[in-house]
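Start at 1 and go down the list; that is how both ligands and their atoms are numbered.
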Amino acid sequence: MRLDRLLANMGYGSRREIALMVKAGWVVLDGITLEEGAVKLALSDDLPKRLLLRGNAIDPLPGMVLMVHKPLGYTCSHKEAGKLIYDLLPERWRAREPVVSTIGRLDKDTSGLILMTDDGELLHKIISPKHHIPKRYVVGLDRSLSGQEAPLFASGTMMLEGEDKPLLPAHLVVTSERTAVLTLFEGRYHQVRRMFAAIGNHVVSLHRDQIGDLMLPTTLAVGSFVVLTPQETAQIFSEGPNQG
Ligand code: URA
């Protein structure tokens, strides 16, 4: 891909602005200052380390996958009032092409693991109902659990209001009188909150800590993100035994 197109697509500026950066000697590949915006580059995995812009390694190439620790109060949307999940990423990434999106959504009042990517194919593979990727939630409740919830959620017959298809079996582990860990294999709108509302309880706190075998590391601070390696991305699809 042409250097000017690559950097413009990564949000560093218009092609004209990139041409000026090149002219100013700001763009260096393997220690050699590049002279032409039209130079073609192979998009190898190590390119971000080898290509420097004003002395800084460039951002991850298109095809990146991010693991974000979503804080409470942030919305997974490009255009809503208030704090947006995109505010947690570098400003220039708003201009990236292809665009960076969340893979599914977490409610404004839910914290925890949310994935983001600019890889449309990967996005569809993860959210596709065909794949049944497990998602694990730590749930805090307003009322005591009765003991009836786990068998009902696991039954495969539970219906949510306004829907005509029963929920897939879900796995509930009760961890205290008012806390539980729930693993879902699908992602319907407000699913966890609606499941508990359907049985007369109310979710007061909700945090996602795992997708597939990929766990939110305790070291990833609230509001920060990391770029996943291909090996970490593969963990989304591996079917480990560690539910609940
Ligand atoms: N279920 C919900 O109710 N909310 C979320 O954010 C995720 C799952």
Side-chain angles (χ1 to χ4, degrees), residues 65-89 100-117 123-143 145 148-150 152-175 178-216 220 222-225 236 242-244:
V65 187
L66 312 174
M67 169 162 56
V68 184
H69 189 163
K70 180 191 172 295
L72 294 173
Y74 280 69
T75 307
C76 293
S77 159
H78 280 285
K79 46 168 196 310
E80 249 173 74
K83 289 178 276 190
L84 305 179
I85 193 94
Y86 297 94
D87 299 341
L88 302 172
L89 308 181
V100 182
S101 312
T102 59
I103 303 180
R105 289 181 173 202
L106 286 178
D107 299 339
K108 186 173 177 185
D109 297 329
T110 304
S111 59
L113 170 53
I114 179 103
L115 298 167
M116 300 180 81
T117 190
L123 187 149
H124 288 292
K125 199 170 151 200
I126 295 173
I127 63 173
S128 160
K130 270 189 284 179
H131 284 98
H132 304 314
I133 292 177
K135 281 160 248 141
R136 193 171 81 165
Y137 297 88
V138 178
V139 191
L141 295 153
D142 187 33
R143 304 205 176 135
L145 287 148
Q148 304 298 307
E149 299 85 356
L152 175 65
F153 291 176
S155 67
T157 60
M158 187 177 180
M159 298 286 287
L160 288 179
E161 214 175 290
E163 297 195 358
D164 54 9
K165 247 179 131 181
L167 295 175
L168 289 177
H171 183 79
L172 185 80
V173 175
V174 173
T175 46
R178 292 183 196 185
T179 59
V181 175
L182 178 62
T183 304
L184 302 181
F185 299 86
E186 59 188 336
R188 301 199 199 177
Y189 182 66
H190 292 331
Q191 184 169 341
V192 176
R193 294 176 203 277
R194 290 166 72 210
M195 285 170 77
F196 282 99
I199 52 168
N201 211 327
H202 176 70
V203 171
V204 291
S205 65
L206 189 55
H207 176 84
R208 183 160 69 192
D209 69 351
Q210 191 169 343
I211 298 178
D213 274 358
L214 185 71
M215 292 180 76
L216 185 69
L220 187 63
V222 180
S224 30
F225 70 90
I236 298 166
N242 48 339
Q243 316 174 351

Can you name the side chain to side chain contact (heavy atoms under 4.5 Å, CB included) partners of Leu89, sequence neighbours left out?
-> Leu66, Tyr86, Trp93, Val100, Met116, Phe225
Check whether any side-chain heavy atom of Val192 sits under 4.5 Å from a side-chain heavy atom of Leu182, and report yes or no.
-> yes
With hydrogens left out, which residues have an atom under 4.0 Å from ligand 1, given that only heavy atoms count?
-> Leu106, Asp107, Thr110, Tyr137, His190, Gln191, Val192, Arg193, Leu206
Any donor-acceptor N/O pair, Arg194 side chain to Glu161 backbone, under 3.5 Å = yes
Hey, is the main chain of Leu168 close enough, under 3.5 Å, to the side chain of Glu186 for a donor-acceptor pair?
-> yes
Does the Arg178 side chain pair with the main chain of Asp142, one donor and one acceptor, at a distance under 3.5 Å?
-> yes
Is a side-chain donor or acceptor of Lys70 paired with a backbone partner of Leu106 at a separation under 3.5 angstrom?
-> no
